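Since this is a predicted model, take the numbers as computed values, not measurements. Lettering follows sequence order; numbering is per chain, from 1.
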Number of protein chains: 2
Amino acid sequence: MTVPPGRRERKKAATRQKIADTAMRLFLERGYDAVGIRDVAAEADVAVTTVFSHFASKEALVFEQDEDFEHRLTQAVTGRAPDEPLMPALRREIHALVRHCTAEGAAPTWRMIEESPALREYEESMRLRHAESLATAIAADPDLPQTTTACRTIARFVIDAYSLAREAADPEAAVDEIFRMIEAAWEVASPSRRARGTARAATSR
Amino acid sequence: MTVPPGRRERKKAATRQKIADTAMRLFLERGYDAVGIRDVAAEADVAVTTVFSHFASKEALVFEQDEDFEHRLTQAVTGRAPDEPLMPALRREIHALVRHCTAEGAAPTWRMIEESPALREYEESMRLRHAESLATAIAADPDLPQTTTACRTIARFVIDAYSLAREAADPEAAVDEIFRMIEAAWEVASPSRRARGTARAATSR
DNA sequence: TGTTTAATGCTAACCGTTAGTGTTACGGTC
DNA sequence: GACCGTAACACTAACGGTTAGCATTAAACA
């Protein structure tokens with residue numbers, strides 16, 4: 001797993017990495033809009049078509065490091081301890097993800113994304129795809145007998161928590177604040193778990 | 001208000017309408033991707049630059065009718081009866097909006113949006129802007145002493161409800177199911193309203 | 001060795017979008 | 001009614017992301 005089997009795949013991975021590194025360097029140096037794909041290709045010494053054979057779009061170059069986001073979220077659901085409830089596991093993972101993207105070194109990249117409408121749009125769309133994966137993972141858990149709609153809803157809420165907390169003044173506190181809300185929503189959606197009417201009574205109008 | 005004041009503005013509105021109508025007709029006839037801006041401009045007998053002076057992008061041509069979405073949502077908050085709680089008002093509005101976009105005549109347009117990644121991305125981004133407006137409206141209500149984070153969170157949840165319900169097998173039922181969850185989240189976020197510790201107890205770990 | 005295949009390169013183009021520059025017609029003013 | 005400022009629109013040309021088509025190289029494999 002650490003060493004790719006063949007030389008061909010190693011070279012391919014190296015090319016991909018070189019393109020991604022070159023792109024991010026140029027983007028941070030000159031600004032995302034000021035750097036064209038042709039610039040990236042020239043600086044990485046590859047053809048424009050090669051860039052697009054590795055990355056589906058210019059925006060994808062920026063979010064290459066965000067690739068495992070989806071996997072970490074689903075893993076937090078499917079790989080949690082057998083007796084651990086869903087919400088604490090998700091909350092812990094979101095905490096870690098928020099901490100990761102609000103860390104010192106990530107600031108320039110994050111500012112660049114904030115300032116580019118194209119990058120914001122791309123990320124939003126990407127997060128919704130992640131939410132769908134998360135919803136599938138939640139729905140597949142035999143211990144969580146939710147409706148499909150409830151699973152998709154909670155998954156969206158979790159993604160919302162990530163997006164909103166990242167922009168909050170105190171991201172860590174925001175995660176907790178939002179997750180208190182999500183947990184209440186989750187309790188309402190799972191009347192058969194252990195709630196003895198408490199959650200339902202809280203929402204009866 | 002019903003009759004524009006000058007001939008100039010009337011002509012401008014007519015041009016805009018002609019462009020929008022022509023575009024939607026061509027999109028539905030030949031498919032969104034198969035119709036170029038140059039086609040729309042030619043068919044509407046205007047210059048390409050005129051199209052872009054009325055619409056910011058090709059996608060915006062499709063969502064022209066969706067313009068009042070944002071206004072209806074904020075109006076549901078700021079214009080509700082003085083003693084009406086927030087959630088029933090929002091739920092009623094989302095019901096109406098979902099019903100509107102799942103109506104018979106809207107089916108081809110909706111299918112076109114579903115099938116085009118560019119249109120989906122545009123809409124998602126647009127809805128997030130709507131969520132921000134809604135959050136501002138909620139935060140401005142003196143009867144709702146929420147934190148900024150709570151207002152933004154609830155606003156996102158409401159937008160999520162719209163997006164998810166629209167895709168559900170039974171949209172109307174989905175709205176109710178999701179709003180039960182949102183109301184629970186809202187109760188947790190507003191400990192000072194009338195909840196006497198019930199909601200808080202439901203989420204204490 | 002020879003054959004197959006995947007990665008990359010090159011060229012040219014498509015399409016959304018915009019800048020620059022006129023041209024026209026409306027609206028208010030004398 | 002003539003006059004001028006301005007806003008809508010047209011035309012040209014270009015920029016930049018993206019892709020198709022085809023050639024080339026080098027790895028994998030028999």
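- Between D/dT19, C/dT18, C/dA13, one nucleotide has an atom nearer to the side chain of A/R38 than all others, and that is C/dA13.
- Across all strands, B/D39 comes closer than 4.0 Å to no nucleic acid atom at all (heavy-atom distances).
- Whole-Å rounding puts the B/R30 CZ to C/dC15 P distance at 13 Å.
- Looking at B/T22 and B/E43, their side chains never bring a donor and an acceptor atom within 3.5 Å of each other.
- The side chain of B/T50 has D/dC9 as its nearest neighbour among C/dT8, D/dC9, C/dT17.
- Geometrically, B/R16 engages B/F55 in a cation-pi contact defined by less than 6.0 Å to the ring centre and at most 45° from the axis.
- For B/H54, a side-chain nitrogen or oxygen approaches OP1 or OP2 of D/dC9 to under 4.0 Å.
- Rounded to an integer number of Å, the gap from B/E9 CD to C/dA25 P is 19 Å.
- The distance from atom NZ of A/K18 to atom P of C/dA7 is 18 Å, rounded to the nearest whole Å.
- For D/dA10, neither phosphate oxygen OP1 nor OP2 lies less than 4.0 angstrom from any side-chain nitrogen or oxygen of B/T49.
- Judged purely by atom type and a 3.5 angstrom limit, A/D39 uses its side chain to pair as donor or acceptor with the backbone of A/G36.
- For the pair A/R127 and A/F69, the cation-pi criterion (under 6.0 Å, within 45° of the ring axis) is fulfilled.
- Checked for salt-bridge contact, B/R120 and B/E115 miss the test: no charged N lies under 4.0 Å from a carboxylate O.
- Contact annotation: B/K58 does not reach the phosphate of C/dC15 (side-chain N/O to OP1 or OP2, under 4.0 Å).
- The side chain of B/K11 contributes an N or O atom lying less than 4.0 Å from OP1 or OP2 of C/dC26.
- At a threshold of 4.0 angstrom between heavy atoms, the contacts of B/V35 are confined to the sugar-phosphate backbone, with no base atom among them.
- What separates CD1 of B/I37 from P of C/dG16 is a distance of 6 Å, to the nearest Å.
- Both tests do not hold together for B/K58 against B/F52: distance to the six-membered ring centre under 6.0 Å, angle to the ring axis within 45°.
- Separating the CZ atom of B/F52 from the P atom of D/dC11 is a distance of 16 Å, rounded to the nearest angstrom.
- The separation between B/E59 atom CD and C/dC15 atom C1' is 12 Å, rounded to whole Å.
- Nearest nucleotide to the side chain of A/V46, out of C/dA25, D/dT18, C/dG9: C/dG9.
- Distances shown here put a side-chain N or O of A/T15 below 4.0 Å from the OP1 or OP2 atom of C/dT8.
- Counting any heavy atom pair closer than 4.0 Å across all strands shown, A/D45 reaches sugar-phosphate atoms only and no base atom.
- If you check D/dA26, D/dG17, C/dG16 against the side chain of A/R8, the one that comes closest is D/dA26.
- Nucleotide D/dA8 holds its C1' atom 17 Å from the CD atom of B/Q17, rounded to whole Å.
- Taking the side chain of A/R7 as heavy atoms from C-beta on, and the options C/dA25, D/dA27, D/dC9, the nearest nucleotide is D/dA27.
- Toward the 5′ end of DNA chain C lies the nearest nucleotide of A/R16, the other residue of the pair B/A56 and A/R16 mapping further downstream.
- Atom CG of B/L61 and atom C1' of C/dG16 are 12 Å apart (whole Å).
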